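Let me begin by presenting the structure, written as structure tokens, before commenting on it.
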Amino acid sequence: MPKAKSALDLFHPAVREWFTSSFTSPTKAQEQGWPAIANGDWTLIFAPTGSGKTLTAFLWALDRLMFRPRPPKEERCRVLYLSPLKALAVDVERNLRAPLAGISNVARARGDAFTIPEIAIRTGDTPQSERAKFGRDPADILITTPESLYLMMTSNVRDMLRGVETVIIDEIHALVPNKRGAHMALSLERLT
């Protein structure tokens with residue numbers, strides 16, 4: 001991969017244009033994190049609240065999901081986001097709407113072909129009808145909790161997670177030092 005002048009140079013032009021029209025500049029976490037993420041490296045983003053960590057993790061995934069061909073159904077779910085809290089999972093899904101809409105609008109204006117990724121949330125509160133839908137027609141992005149991931153990995157739904165390329169673990173410090181962290185590690189090991 002050629003060396004970029006700015007971390008934003010790594011992104012599709014529509015993503016770059018959306019970002020620069022929405023933000024003054026990338027945060028330090030974004031400038032340092034995006035090259036490693038784009039390179040496929042395991043990356044830990046450690047930065048204060050409000051520094052754009054979640055967008056740092058998600059923007060590269062959105063770039064790939066929106067501007068690469070959609071794979072077959074059984075490999076469609078390519079991004080797995082793990083949250084320690086159900087409420088945070090819902091917030092993240094809601095917060096992804098702005099970049100998805102913004103990038104889509106820019107791409108449409110540029111005449112670029114793109115796909116809007118579908119997002120599914122799976123927690124203990126998810127209705128059975130939504131759970132069944134994911135098994136029939138998986139989303140591109142799955143937002144879930146460690147406990148729900150464990151249950152999925154012990155059911156037929158695990159087959160729909162074979163295409164996962166990116167795992168984003170938010171607030172990892174809240175999970176690692178306890179049983180939930182061990183549970184999560186076991187599920188992630190089964191995912192590979």
Side-chain angles (χ1 to χ4, degrees), residues 1-71 76-123 139-145 163-176:
M1 179 177 297
K3 182 138 174 80
K5 295 177 213 154
S6 161
L8 278 173
D9 293 340
L10 298 166
F11 292 96
H12 186 278
V15 176
R16 265 195 320 267
E17 188 176 326
W18 168 79
F19 188 91
T20 57
S21 69
S22 301
F23 302 97
T24 308
S25 62
T27 65
K28 185 176 181 181
Q30 291 164 342
E31 278 288 345
Q32 293 179 348
W34 284 333
I37 293 167
N39 204 34
D41 297 337
W42 291 59
T43 308
L44 176 66
I45 306 295
F46 180 77
T49 299
S51 60
K53 291 184 298 288
T54 303
L55 185 59
T56 302
F58 263 113
L59 197 58
W60 186 253
L62 294 179
D63 184 281
R64 285 194 347 257
L65 293 173
M66 293 181 79
F67 298 103
R68 289 189 185 165
R70 186 172 268 167
R76 184 161 168 208
C77 185
R78 290 166 284 160
V79 177
L80 175 65
Y81 171 89
L82 289 171
S83 166
L85 304 169
K86 290 185 254 185
L88 179 59
V90 171
D91 284 347
V92 165
E93 188 270 338
R94 186 174 40 245
N95 292 338
L96 281 176
R97 292 179 195 161
L100 283 173
I103 295 166
S104 297
N105 290 337
V106 170
R108 193 174 294 111
R110 290 173 44 85
D112 296 334
F114 67 95
T115 302
I116 298 176
E118 291 185 30
I119 303 169
I121 297 178
R122 174 85 177 252
T123 69
D140 302 285
I141 300 170
L142 176 62
I143 298 173
T144 191
T145 60
V164 170
E165 301 167 344
T166 301
V167 177
I168 300 169
I169 306 170
D170 210 344
E171 305 291 336
I172 194 168
H173 64 278
L175 296 168
V176 170

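Counting from 1, the numbers follow the sequence of the chain as shown. Every value quoted in this text rests on a predicted model; they were computed, and no experiment measured them.
- For the pair T43 and A36, the tightest heavy-atom approach, listed with the atom from each and the gap, is OG1-CB, 3.6 Å.
- Between the side chain of D140 and the backbone N or O of E118 there is at least one donor-acceptor pair closer than 3.5 Å.
- Between F19 and P26, the closest side-chain pair of non-hydrogen atoms falls below 4.5 Å.
- In R108, the CZ atom is crowded: over 12 heavy atoms of neighbouring residues, nucleotides or ligands sit closer than 6.0 Å.
- The two residues A38 and L10 come nearest to each other via the heavy atoms CB-CD1, 4.0 Å.
- What you find for G33 and I45 is that their closest heavy atoms are CA-CD1, 3.7 Å.
- Side-chain atoms of T145 never come within 3.5 Å of backbone atoms of T123 as a donor-acceptor pair (strictly under, hydrogens ignored).
- Counting only distance, with no hydrogens or angles, the side chain of R97 and the backbone of N95 share no donor-acceptor pair below 3.5 Å.
- Taking each heavy atom of S51 and A29 in turn, the nearest pair found is O-CB, 4.4 Å.
- Side-chain atoms of T144 never come within 3.5 Å of backbone atoms of L142 as a donor-acceptor pair (strictly under, hydrogens ignored).
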Quiz prompt | L65 vs R78, side chain to side chain contact (heavy atoms under 4.5 Å, CB included): CA-CA, chis, key distance, verdict | solution = CA-CA 8 Å; L65 293 173; R78 290 166 284 160; 3.2 Å; yes

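- Distance OG/S104 to CG/D112: 11.0 Å, rounded to 0.5 Å.
- The distance from the CD atom of E31 to the OG1 atom of T56 is 10.0 Å, given to the nearest 0.5 Å.
- A distance-only check finds no donor-acceptor pair linking the side chain of K53 to the backbone of Q30 [under 3.5 Å].
- Remark: side-chain polar atoms of D9 are paired, donor with acceptor, to backbone N or O of S6 under 3.5 angstrom.
- Closest non-hydrogen pair, I168 versus T166, comes out as CG1-CG2, 4.0 Å.
- Of the possible polar contacts, one joining the D63 side chain to the H12 backbone as a donor-acceptor pair under 3.5 Å is found.
- Separating the CD1 atom in I119 from the CD1 atom in I141 is a distance of 4.5 Å, to the nearest 0.5 Å.
- Note: L59 CG to L8 CG = 8.0 Å, rounded to the nearest 0.5 Å.
- With rounding to the nearest 0.5 angstrom, the OH atom of Y81 is 7.5 Å from the CD1 atom of I143.
- Remark: F11 engages W34, W60 in a ring pair (Phe, Tyr, Trp, His ring centres under 6.0 Å) (not counting sequence neighbours).
- Residues R110 and P13 have side chains in contact (heavy-atom distance under 4.5 Å, counting atoms from C-beta outward).
- The line from OG1 of T54 to CG of D170 is 4.0 Å long, rounded to the nearest 0.5 Å.
- Using a distance-only test at 3.5 Å, with no hydrogens or angles considered, no donor-acceptor pair links the side chain of T115 to the main chain of P117.
- Only one option out of L100, L62, I103 pairs with W18 in a side-chain contact (heavy atoms from CB on, under 4.5 Å); it is I103.
- Residues forming a side chain to side chain contact (heavy atoms under 4.5 Å, CB included) with Q32 (at least two apart in sequence, or on another chain): K28.
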